[in-house]
K.L.:
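Structure provided below as structure tokens; questions to follow.
Atoms within a ligand are numbered from 1 in the order they appear, just like the ligands themselves. Scope of the values below: all heavy atoms of this structure, side chains included, with no hydrogens, waters or symmetry mates.
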Amino acid sequence: MPGVVKALQLKREHRRWYVIVIAETEAVSLPEGARSIGVDVGIARFLTTSDGEIVANPRFLAASADVIADLQRRKERAKSGSGNRKRLRRALAKEWRKVKNRRRDFHHKTARALVNECDAIALEKLNMAAMTKRPAPKPDPAKPGAFLPNNAATKGALNKSILDAGWGQFIGILAAKAEEAGRRIVLVDPRNTSNTCHICGERCLRPMQRLVICPEHGGMDADVNGARNIATRAGLGSGQDARAA
Ligand SMILES: [Zn+2]
């Protein structure tokens, strides 16, 4: 263990035990990095930086949401108190554990890469509730006004719990790594970062999720534009050149 161990905790999750070691270490400043960036986090993409780097949402989240939804349905249909139901409950707990572990690992790796390369990282102060949306209802073509079932309740709630739990954790991990490395995290007011042109400040149109159109400067990637506004608001400069694609 690096550092001085301050506490040990034992934690039980279902049938597993974990040992948590809390140690105090000295901050070790990393050599100066070349980048200062704004970061836009979202649902369609995990994150987009003001210099054009895109980190996609890992596919395992969507895959696990399907597996969990399926197990959940089967568990609800199984007779209560039966061995089958018990088995399904364990399978569900196992799948959740898998998602959590893989998500945490992904957060650590993504945060590590950003902290290694960047001196300052700006993010929006997030309103978690606004970040996750239910899937759009599917209109039924045979019956105007009626909607086809799209498993919105189950799927929506699942995606929400999977993604929601993600953001707070990621930002916590990023902040801890930044502090340890002597890097700066700046949190900015999130108002209108997505629909304002980062070049001229005009209000943009947003005809689709991934695109904003400034009356003066034309169409731009919505997330990159948002990330550049975040960088500007944090005093990190704007209009940064895109990295080589
Ligand atoms: Zn503009």
K.L.:
Taking 4.0 angstrom as the limit, do Arg228 and Asp221 come out as a salt bridge?
P.N.:
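Answer for the salt bridge query: no.
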K.L.:
With clusters defined by side-chain heavy atoms of hydrophobic residues (ILVMFWY) lying less than 4.5 Å apart, directly or transitively, does Val67 cluster with Phe60?
P.N.:
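Yes, Phe60 connects to Val67 through the hydrophobic network.
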K.L.:
For the Zn ion (ligand 1), how many protein N, O or S atoms lie at less than 2.8 Å?
P.N.:
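Near the Zn ion (ligand 1), the number of protein N, O or S atoms below 2.8 Å is 4.
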K.L.:
Establish whether Met220 and Leu211 are linked, either directly or via other cluster members, by ILVMFWY side-chain heavy-atom contacts under 4.5 Å.
P.N.:
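No, no single cluster joins them.
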K.L.:
How about Leu236 and Ile37: do any of their side-chain heavy atoms sit closer than 4.5 Å?
P.N.:
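The answer is no, as the side chains (C-beta and beyond) never meet within the 4.5 Å cut-off.
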K.L.:
List in chain and number order the residues that pass side chain to side chain donor-acceptor pair (under 3.5 Å) with Lys11, two or more places apart in sequence or in another chain; answer none if no residue qualifies.
P.N.:
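Glu13.
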K.L.:
In this structure, is the centre-to-centre distance between the rings of His108 and Phe170 below 6.0 Å?
P.N.:
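Not under 6.0 Å, so no.
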